[in-house]
2 protein chains.
Amino acid sequence: MDTRAYRLQSKTAKALAHPTRIAILEMLRRGERCVCEMEPELEASQANISQHLAALRDANLVAGRREGMRIQYRATDERIFQVLDLLAVIRHDQLNQARRALASLESVRA
Amino acid sequence: MDTRAYRLQSKTAKALAHPTRIAILEMLRRGERCVCEMEPELEASQANISQHLAALRDANLVAGRREGMRIQYRATDERIFQVLDLLAVIRHDQLNQARRALASLESVRA
DNA sequence: CAGTTATATTAGGATAATCGAATATAATTA
DNA sequence: TAATTATATTCGATTATCCTAATATAACTG
């Protein structure tokens, strides 16, 4: 078992293991954003968003660039969006399967 | 912000947020495995492997099928391996970039 | 310089993840 | 049925994550 590699992969996965951090990355998919632009869309405090950005920075998934008073964040590797897309289709299919299973159980009562 | 969708996506990501769980999935990539086959390859106790399998089951990423005394586990969605592949290349590039950055800093002392 | 805006960091408490140890369950074999 | 093998679950302690509140830093504005 390639412990070191798996540790690093799980570190990246851990960075995605929070809905707010996924929401942040989804915003960055559409281009650079400062925290002040994220604040209204995410339902989280400024401090909390900064903390989640720190986690994403720590995992090397985002980087910021100062522009006057603001700091513009961007994704450092576009492939993270492919990961998000895959997670979305996996989730989507899981929901569909669960719905089908429920429907077939319910149809028995007829 | 689509809170529900992001919660489900982050749940899947959280299941990947541990090196042992990634190692388990990598074993399952090569086919069905029982816990007793995982035990020597992973450096973890039987109980601990069972606990990680429970986490993967809870996220719907693996399923087990009893076969006599053993329970054969398999991945429920092959696309999870695409996620692992992406995490691997992202990690690989991050390492390379860090190495290049270090090398260029070291070359200054000449 | 004083005040303001944008962001980051720290501290503290609550919740969750992790692991080892012990125990439970389930199938098999003697 | 007793012993054995394979796996799961529970408990408790430790560590990590998360959030809010407060404070710090940094750049801009008057």
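Computation of the quantities below employed the complete heavy-atom set of this structure, encompassing side-chain atoms and omitting hydrogens, waters and symmetry-equivalent molecules. Chain letters run A, B, ... following the sequence lines, proteins first, then strands; residues in each count from 1.
- In this view, A/E43 satisfies the salt bridge (Lys or Arg N to Asp or Glu O under 4.0 Å) rule with no residue, not counting sequence neighbours.
- Residues satisfying the side-chain hydrogen bond (donor to acceptor under 3.5 Å, both in side chains) criterion with B/Q72, sequence neighbours excluded, are absent altogether.
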Reading 5' to 3' through nucleotides 23-30 of chain C, protein heavy-atom contacts under 4.0 Å coded B for base, S for sugar-phosphate only, - for none: ---SBS--
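- We find that CD of B/Q72 is positioned 11 Å from P of D/dA8, with the value rounded to whole Å.
- With sequence neighbours excluded, the residues satisfying side chain to side chain contact (heavy atoms under 4.5 Å, CB included) with A/Q51 are A/N48.
- Partners of B/E32 by side-chain hydrogen bond (donor to acceptor under 3.5 Å, both in side chains), not counting sequence neighbours, listed by chain and number: B/R65.
- The stretch residues 4-48 of chain B participates, sequence neighbours left out, in these ring-ring contact (aromatic ring centres under 6.0 Å, His included) pairs: B/H18-B/H52.
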Can you list, pair by pair, the side-chain donor-acceptor contacts under 3.5 Å of residues 76-84 of chain B, counting residues two or more places apart and other chains?
residue: B/T76; atom: OG1; partner: B/N60; partner atom: O; Å: 2.6
residue: B/T76; atom: OG1; partner: B/L61; partner atom: O; Å: 3.2
residue: B/D77; atom: OD1; partner: B/R79; partner atom: N; Å: 2.9
residue: B/D77; atom: OD1; partner: B/R79; partner atom: NE; Å: 3.1
residue: B/D77; atom: OD2; partner: B/R79; partner atom: NH2; Å: 3.0
residue: B/R79; atom: NH1; partner: A/D93; partner atom: OD2; Å: 3.4
residue: B/R79; atom: NH2; partner: A/D93; partner atom: OD2; Å: 2.4

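- Atom CD1 of B/I49 and atom C1' of C/dA21 are 16 Å apart (whole Å).
- Between A/R70 atom CZ and D/dC28 atom P there is a gap of 12 Å when expressed in whole angstrom units.
- Remark: A/Q97 engages A/R100 in a side chain to side chain contact (heavy atoms under 4.5 Å, CB included) (not counting sequence neighbours).
- Hydrophobic clustering places B/L16 together with A/L25 (ILVMFWY residues linked when any side-chain heavy atoms are closer than 4.5 Å, directly or through intermediates).
- Going from atom CG of B/L42 over to atom P of D/dT7 covers 12 Å, rounded to whole Å.
- A straight line from CG of A/L53 to C1' of C/dA8 spans 10 Å, rounded to a whole angstrom.
- Rounded to whole Å, atom P of D/dA8 lies 11 Å from atom CD of B/E39.
- By the side chain to side chain contact (heavy atoms under 4.5 Å, CB included) test, A/A55 is found to be paired with A/R21, residues two or more places apart in sequence or in another chain being considered.
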Base-contact (B) and sugar-phosphate-only (S) positions in nucleotides 16-21 of chain D, heavy-atom cut-off under 4.0 Å, - elsewhere: -SSBB-
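- Residues satisfying the side chain to side chain contact (heavy atoms under 4.5 Å, CB included) test with B/I49, not counting sequence neighbours, are B/I24, B/V35, B/M38, B/E39, B/L42, B/A44, B/L53.
- The interatomic distance linking B/Y73 (OH) with D/dA8 (C1') rounds to 8 Å, in whole Å.
- For A/E37 and C/dT5, the CD to P distance is 17 Å, given to the nearest whole Å.
- Residue A/R4 qualifies as open at atom CZ: its count of foreign heavy atoms under 6.0 Å is 12 or below.
- At a non-hydrogen distance threshold of 4.0 Å, A/R57 from residues 56-65 of chain A come into contact with DNA chain C.
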